[in-house]
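Only this structure's heavy atoms are used, side chains among them; waters, hydrogens and symmetry mates stay out. Computed from a predicted structure; not experimentally measured.
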Amino acid sequence: MKIIGIGNALLDVLLRLDSDHILSEMGVRKGAMDLIDESAMREILQAQVGLQRSEVPGGSVCNTMRAMARLGATVGYAGKTGNDSAGSVYEAKTREAGVDPFFVRVKGITGCSTVLISPDGERTMATFLGPAATLSDEEIPDDILSRYDCVYMEGYLISNEKLFLPMLERAKRLGLKVALDLSNFNIVNEFGSLLKKVIPAFVDILFSNESEAEAYTGLPAREAMDVILKDVERAVVTIGKEGAFVGGNGQVVHEKALDAHVVDTTGAGDHFAAGFLYGYSAGATLMQSAKVGSLLSANVIETVGAQIPEEQWEYIKLKVNEILRK
């Protein structure tokens, strides 16, 4: 099964600060996680000159697609970026990971999530959505979608009226499966009535964490699974260090989290989704798919950032093959 992801294309830029004085120069509050406008983004770009930095493609769905590609899956990713160097970096690194990129490039600054790491380790985040938030259904042609069997979308897209519902409708018209990640409990709280209409109508596979599942159903994780499975074919509810519940075909199973030295939980859910979808695309059982998801999430939380280091993938692929042979 071939899967295309659609999400907010945001370049993750990690900056290591020599001191906190630069935070005031950038106009951001230490420890905050703020959405910023283009003028603030330009100020941050100017202040970045000379700082130690690293750049990786970000956004929840892109993280998932890149991890799936590392396992050998056939995946694509569609998004919208600016015509600047950041947009070029985003596309190049997405392609390097083995993902087929389909980007709409427009004049302007690419969306960016800037992570400012203070000397004491505290993180300050400033996110500029930029062109990513203006992607429309019409900008992803049928001939691109028709190359795939499943479309995977993030819940954050629900606020984009020109993309979210039209894409769900078109995916179904083209005969694609639809997978959706609820993304954030605030999204569920704000758009709950719409989600309760579109999920039963269009979604085949639903991903959530326990707070999102509770916001959607009003029930704790295990009980929420029973309700969600009335709406979709397969469901995943991650429950942090306790692992995840996965369900489908009339059953619900619990997969424990693997032991790991937790350094940074960023991307844990994205990688569980990658492992589960990889198993699903390969025809694996629910438990096998959950074990692959657990393996990937355990590896990503042992490193800083939302990507697993290159040198770990050969070992991971060996472990995945062992799981799928059992």
Side-chain angles (χ1 to χ4, degrees), residues 2-13 35-38 41 55-66 68-69 75-95 97 99-114 126-148 150-174 176-184 186-187 190-191 194-195 198-199 202-203 207 270 273 306:
K2 301 175 182 178
I3 300 176
I4 183 169
I6 302 174
N8 287 321
L10 305 175
L11 188 69
D12 285 347
V13 178
L35 285 175
I36 59 173
D37 60 19
E38 184 172 342
M41 187 68 241
E55 300 174 330
V56 294
S60 173
V61 170
C62 190
N63 291 338
T64 298
M65 294 300 101
R66 288 167 65 234
M68 288 187 69
V75 294
Y77 179 75
K80 194 170 186 177
T81 68
N83 62 347
D84 55 354
S85 61
S88 298
V89 168
Y90 196 106
E91 182 168 349
K93 291 195 173 184
T94 300
R95 191 186 303 277
V99 180
D100 290 328
F102 304 101
F103 288 105
V104 179
R105 301 288 298 271
V106 294
K107 186 177 180 179
I109 301 174
T110 294
C112 179
S113 181
T114 305
T127 299
F128 168 63
L129 292 175
T134 67
L135 180 65
S136 71
D137 169 69
E138 296 174 349
E139 291 174 310
I140 306 174
D142 278 0
D143 69 316
I144 296 297
L145 290 177
S146 296
R147 300 177 194 179
Y148 298 89
C150 176
V151 59
Y152 178 53
M153 299 172 65
E154 58 190 49
Y156 288 120
L157 298 179
I158 197 170
S159 60
N160 185 341
E161 295 180 0
K162 293 184 177 180
L163 176 64
F164 186 71
L165 186 55
M167 180 55 65
L168 293 177
E169 293 172 340
R170 191 147 61 97
K172 282 303 176 184
R173 175 171 58 80
L174 294 172
L176 278 68
K177 294 283 189 180
V178 172
L180 175 69
D181 189 321
L182 289 180
S183 296
N184 189 290
N186 287 323
I187 292 290
E190 183 174 354
F191 296 97
L194 177 57
L195 285 169
V198 301
I199 288 174
F202 299 106
V203 177
F207 294 90
D270 303 338

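- Contact annotation: the side chain of Leu10 never approaches that of Phe128 to less than 4.5 Å [non-hydrogen atoms, C-beta and beyond].
- Legend: residues meeting side chain to side chain donor-acceptor pair (under 3.5 Å) with Thr110, ordered by chain and number and at least two apart, are Asp84.
- For Tyr90 (side chain) and Val56 (main-chain N/O), no donor-acceptor pair under 3.5 Å exists by modelled atom type.
- Looking at heavy atoms from C-beta onward, Thr114 lies out of side-chain contact with Thr127 at the 4.5 angstrom threshold.
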Checklist entry - Does the pair Asp100 and Tyr148 meet the rule for a side chain to side chain contact (heavy atoms under 4.5 Å, CB included), with working shown? => result CA-CA 11 Å; Asp100 290 328; Tyr148 298 89; 3.8 Å; yes
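- With contacts defined as side-chain heavy-atom distances shorter than 4.5 Å, the pair Val104/Leu135 qualifies.
- Residue pairs that meet the side chain to side chain donor-acceptor pair (under 3.5 Å) test with at least one member in residues 154-166, sequence neighbours left out, are Asn8-Glu154.
- Applying the side chain to side chain donor-acceptor pair (under 3.5 Å) criterion to Thr94, with sequence neighbours excluded, gives no partner residue.
- The structure places CG of Leu165 at 4.0 Å from CD of Glu169, a figure rounded to the nearest 0.5 Å.
- Note that CZ of Phe102 is 10.5 Å distant from CD1 of Ile6, once rounded to the nearest 0.5 Å.
- Contact record, Val99 with Gly76: CG1-C, 3.7 Å, taken as the closest heavy-atom pair.
- Contact annotation: the side chain of Ile109 approaches that of Glu38 to within less than 4.5 Å [non-hydrogen atoms, C-beta and beyond].
- Of all heavy-atom pairs between Ala97 and Ala69, the closest is O-CB, 3.3 Å.
- In this structure Asp37 satisfies the side chain to side chain donor-acceptor pair (under 3.5 Å) test together with Ser39, sequence neighbours excluded.
- With sequence neighbours excluded, the residues satisfying side chain to side chain contact (heavy atoms under 4.5 Å, CB included) with Arg105 are Thr81, Ser88, Glu91, Phe103.
- Scanning both residues, Met65 and Ile4, for their nearest heavy atoms gives SD-C, 4.3 Å.
- Considering Asp181, Val75, Asp270 as possible partners of Thr64, the one that fulfils the side chain to side chain contact (heavy atoms under 4.5 Å, CB included) test is Asp270.
- Residues Ala126 and Ile36 approach most closely at CB-CD1, 3.9 Å, considering heavy atoms.
- Within the 4.5 Å cutoff, no side-chain heavy atoms of Tyr77 are placed close to those of Pro101.
- Scanning all heavy atoms of the two residues, the minimum distance from Leu195 to Ile187 falls at CD1-O, 4.4 Å.
- The distance from the NZ atom of Lys177 to the CZ atom of Phe202 is 15.0 Å, given to the nearest 0.5 Å.
- Glu190 meets the side chain to side chain contact (heavy atoms under 4.5 Å, CB included) test with no other residue; sequence neighbours excluded.
- A 4.5 Å side-chain heavy-atom check between Phe164 and Phe191 finds every atom pair outside the cut-off.
- In this structure, the side chain to side chain contact (heavy atoms under 4.5 Å, CB included) partners of Ala179, at least two apart in sequence or on a different chain, are Cys150, Tyr152, Ile205, Phe207, Leu277.
- In this structure, the side chains of Asn83 and Val106 stay at 4.5 Å or more apart for every pair of heavy atoms.
- Within the 4.5 Å cutoff, side-chain heavy atoms of Met68 are placed close to those of Ile3.
- Applying the side chain to side chain contact (heavy atoms under 4.5 Å, CB included) test to Val178 and every residue at least two apart in sequence or in another chain returns Val151, Leu168, Ala171, Lys172, Val203, Asp204.
- Taking Asn186 as the reference, Asn184 meet the side chain to side chain donor-acceptor pair (under 3.5 Å) condition, with sequence neighbours excluded.
- Summarising the geometry, atom SG belonging to Cys112 is positioned 8.0 Å from atom CD belonging to Glu55; distances are rounded to the nearest 0.5 Å.
- In this structure, Lys93 has no salt bridge (Lys or Arg N to Asp or Glu O under 4.0 Å) partners at least two apart in sequence or on a different chain.
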Next on the checklist: Run the side chain to side chain contact (heavy atoms under 4.5 Å, CB included) test on Met167 and Leu145 for me, step by step, so that the C-alpha distance in whole Å, both residues' side-chain angles and the decisive distance to 0.1 Å come before the verdict.
Outcome noted: CA-CA 10 Å; Met167 180 55 65; Leu145 290 177; 3.7 Å; yes
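- Here side chain to side chain donor-acceptor pair (under 3.5 Å) pairs that include residues 128-141, with residues two or more places apart or in two chains, are Lys80-Thr134, Lys80-Glu139, Ser136-Glu139, Asp137-Arg170.
- In terms of heavy-atom proximity, Pro131 sits nearest to Gly82 at CG-N, 3.8 Å.
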